[in-house]
Amino acid sequence: MDAATILALSKQGMWVAFLVAAPILGASLVIGVLISIFQAATSISDATLNFAPKVIVAGLVFLFTLPWMINKLADFLVYLLTNIPTLIK
């Protein structure tokens, strides 16, 4: 296994990790910005007002995207396991 192969596998693994994490992080970012705008407009500075909706939205997005996440991770795992003979040469 040469350095180029290791680099390509690392890049592909990082891309899969990014794709799996992106929906939850994106939804949390959007909700955080919307609540921050609401807090700035109403002068409310309660920390739980920002935390609770983010946790709820992250949980809902996780539940809705879980099958897709499992599919992406399983596809990557199958790719790695099927290519072990060619990768270790």
Review item, side-chain donor-acceptor pairs of residues 66-74, under 3.5 Å, at least two apart:
none

(request) Kindly indicate whether the side chain of D75, heavy atoms from C-beta on, has any atom under 4.5 Å from the side chain of Y79. (result) no
(message) The criterion is side chain to side chain donor-acceptor pair (under 3.5 Å); which residues satisfy it with T5, sequence neighbours excluded?
(response) D2
(request) May I ask you to list the residues sharing a hydrophobic cluster with I88, side-chain cutoff 4.5 Å, ordered by chain and number? (result) L77, L81, I84
(request) Report the hydrophobic cluster partners of I56, with the cluster defined as I, L, V, M, F, W, Y residues connected by side-chain heavy atoms closer than 4.5 angstrom, directly or transitively. (result) L60, F64
(request) Among residues two or more places apart or on two chains, list those pairs meeting ring-ring contact (aromatic ring centres under 6.0 Å, His included) that have a residue in residues 24-47. (result) none
Spacing of [X] atom [atom1] and [Y] atom [atom2] [to the nearest 0.5 Å]:
X	Y	atom1	atom2	answer
F51	I35	CZ	CD1	11.5 Å
L9	N83	CG	CG	8.5 Å
L34	Q39	CG	CD	11.5 Å

(request) Taking all heavy atoms of N50 and all of G32, pick out the closest pair and write down the distance. (result) OD1-CA, 3.9 Å
Taking distance alone, no hydrogens or angles, what donor-acceptor pairs closer than 3.5 Å link side-chain atoms of residues 13-27 to residues at least two apart or in another chain?
none

